[in-house]
Structure formats: structure tokens, C-alpha cells
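So the structure is just underneath, and the comments pick up after that.
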Amino acid sequence: MKKITRRHALGIAAGATTALGLTACTSKSAGSPAAGASGSPASGSPASIPAGGIDEVFEGRRIQIALGAGGHHGVGVPTVKIDGNELHIMPNADGTWVSVVNHYQTYPNPVEAARAAIRDLQGAALVPFAPKGGVAV
């Protein structure tokens with residue numbers, strides 16, 4: 001007769017717990033449509049930015065946001081500039097955004113991340129981002 005080891009028992013328990021958790025998550029989310037499922041994009045998605053981009057002045061600073069592969073970003077991540085200098089923003093898995101100015105606070109969209117960066121800069125100039133010690137472009 002074959003004995004069950006502790007490792008095997010823990011593996012079975014972990015698998016059962018994962019299956020129950022996934023079942024609970026899918027049954028809970030099946031009743032409500034996902035963000036953007038009604039035909040409009042989610043508020044934090046890059047698709048919510050107009051095709052022409054955004055060009056606004058906030059607290060005396062110029063914010064420019066354009067879609068596309070600009071700067072050091074990949075495809076689909078908007079390029080955000082404050083007074084002509086690029087603000088590095090990053091999307092989170094939950095649809096929120098963070099910036100290099102304050103990467104501890106999340107924001108619902110790139111526009112709010114740029115506005116928060118301007119408030120955090122308190123009038124200081126945004127220094128161009130140079131990843132890996134390289135030269136900023």
C-alpha cells in the first residue's frame with residue numbers, strides 16, 4: 001500500500017484551494033460586465049485618450065499626452081510630456097497608473113498621473129528620464 005507524504009497532501013490542498021478561489025472569482029465577476037464591456041473603454045486605458053492626444057495647461061504647466069510608441073515606452077502606452085520633458089508613467093495590472101515622480105500613489109488615468117506629478121514637483125522642472133544611466137532623449 002502506498003503512503004501519502006506531507007508534500008503530496010499539501011499539493012492536493014493547495015490545488016483544491018486554488019480551484020475554489022478561481023471558482024469564486026469567476027462566479028462573482030460573471031454577473032457584472034468588465035470595465036469597458038459596454039462599448040466604451042475603461043477610464044484608465046490608453047484607448048480613452050482621444051486620437052489627437054491631449055494638450056492642456058494645468059497650474060501653469062503644459063501637459064501633452066499622445067498615443068503610440070514614443071520615447072522609451074512600448075506600443076499602447078501613451079507618451080506624457082510636462083513642459084516638453086517626458087514623464088515616465090507605467091500602467092499597473094489593475095488599470096491604474098503610476099509615475100516616476102511618485103510611484104507609491106496610483107491614479108485612474110494618465111491625465112491624473114500627470115496632474116499629480118505637477119503638484120508634487122511644486123514648480124520644479126521635470127528632469128528628463130534616462131533609464132540605465134543612459135542619455136535622455
Side-chain angles (χ1 to χ4, degrees):
M1 186 165 172
K2 190 173 181 182
K3 285 182 132 183
I4 296 178
T5 64
R6 278 184 278 172
R7 180 177 287 176
H8 192 236
L10 284 173
I12 292 170
T17 304
T18 302
L20 288 173
L22 289 176
T23 303
C25 288
T26 56
S27 64
K28 184 177 180 180
S29 65
S32 63
S38 62
S40 63
S43 63
S45 71
S48 65
I49 296 173
I54 295 173
D55 193 353
E56 71 176 33
V57 176
F58 178 75
E59 294 185 6
R61 309 287 293 268
R62 185 175 184 191
I63 299 173
Q64 297 172 300
I65 303 176
L67 288 176
H72 55 274
H73 297 298
V75 176
V77 178
T79 299
V80 178
K81 292 185 177 184
I82 296 176
D83 294 334
N85 291 324
E86 186 172 356
L87 172 68
H88 180 68
I89 62 168
M90 299 156 282
N92 291 322
D94 63 355
T96 59
W97 295 81
V98 295
S99 75
V100 72
V101 173
N102 183 354
H103 55 270
Y104 296 108
Q105 179 69 40
T106 60
Y107 302 97
N109 55 49
V111 177
E112 291 301 319
R115 290 176 180 164
I118 288 174
R119 284 189 295 271
D120 288 344
L121 287 170
Q122 299 178 358
L126 180 65
V127 177
F129 182 69
K132 299 179 186 171
V135 177
V137 286

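We count residues from 1, following the sequence as given.
For the pairing with E56, the side-chain hydrogen bond (donor to acceptor under 3.5 Å, both in side chains) check across Q64, R115, R62 returns one residue only, R115.
Looking only at side-chain heavy atoms (C-beta outward), K81 and I63 stay at 4.5 Å or farther from each other. Proximity of T96 to P108: side-chain heavy atoms (C-beta onward) are nowhere separated by under 4.5 Å. For the pair I65/T79, no side-chain contact is recorded, criterion being any heavy-atom separation below 4.5 Å from C-beta on. The closest side-chain heavy-atom distance from R119 to F58 is below 4.5 Å.
In the hydrophobic clustering of ILVMFWY residues, with side-chain heavy atoms under 4.5 Å counting as a link, V77 and V111 come out together. Note on Y107 and V98: separate hydrophobic clusters, where clusters join Ile, Leu, Val, Met, Phe, Trp and Tyr whose side-chain heavy atoms are under 4.5 Å apart, directly or indirectly.
Checking side-chain atoms of N85 against main-chain N and O of L126 turns up a donor-acceptor pair under 3.5 Å. Formation of a donor-acceptor pair under 3.5 Å by the N92 side chain with backbone atoms of G95 is not found in this model.
Interatomic distance, CH2 of W97 versus CG of N109, reported as 9.0 Å (0.5 Å rounding).
Taking both residues in full, the closest heavy atoms of V80 and A114 are given as CG1-CB, 3.8 Å, listed atom of the first, atom of the second, then distance. Between L87 and A113, the shortest heavy-atom distance links the atoms CD2-O, 4.4 Å. Among all heavy-atom pairs drawn from P110 and I89, the shortest one is CB-CD1, 3.7 Å.
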Inset, instruction - Please report the C-alpha distance between L121 and R61 in whole Å, then the side-chain angles of each, then the deciding distance to 0.1 Å, and finally whether the side-chain contact (heavy atoms from CB on, under 4.5 Å) criterion is met. - result: CA-CA 11 Å; L121 287 170; R61 309 287 293 268; 4.2 Å; yes
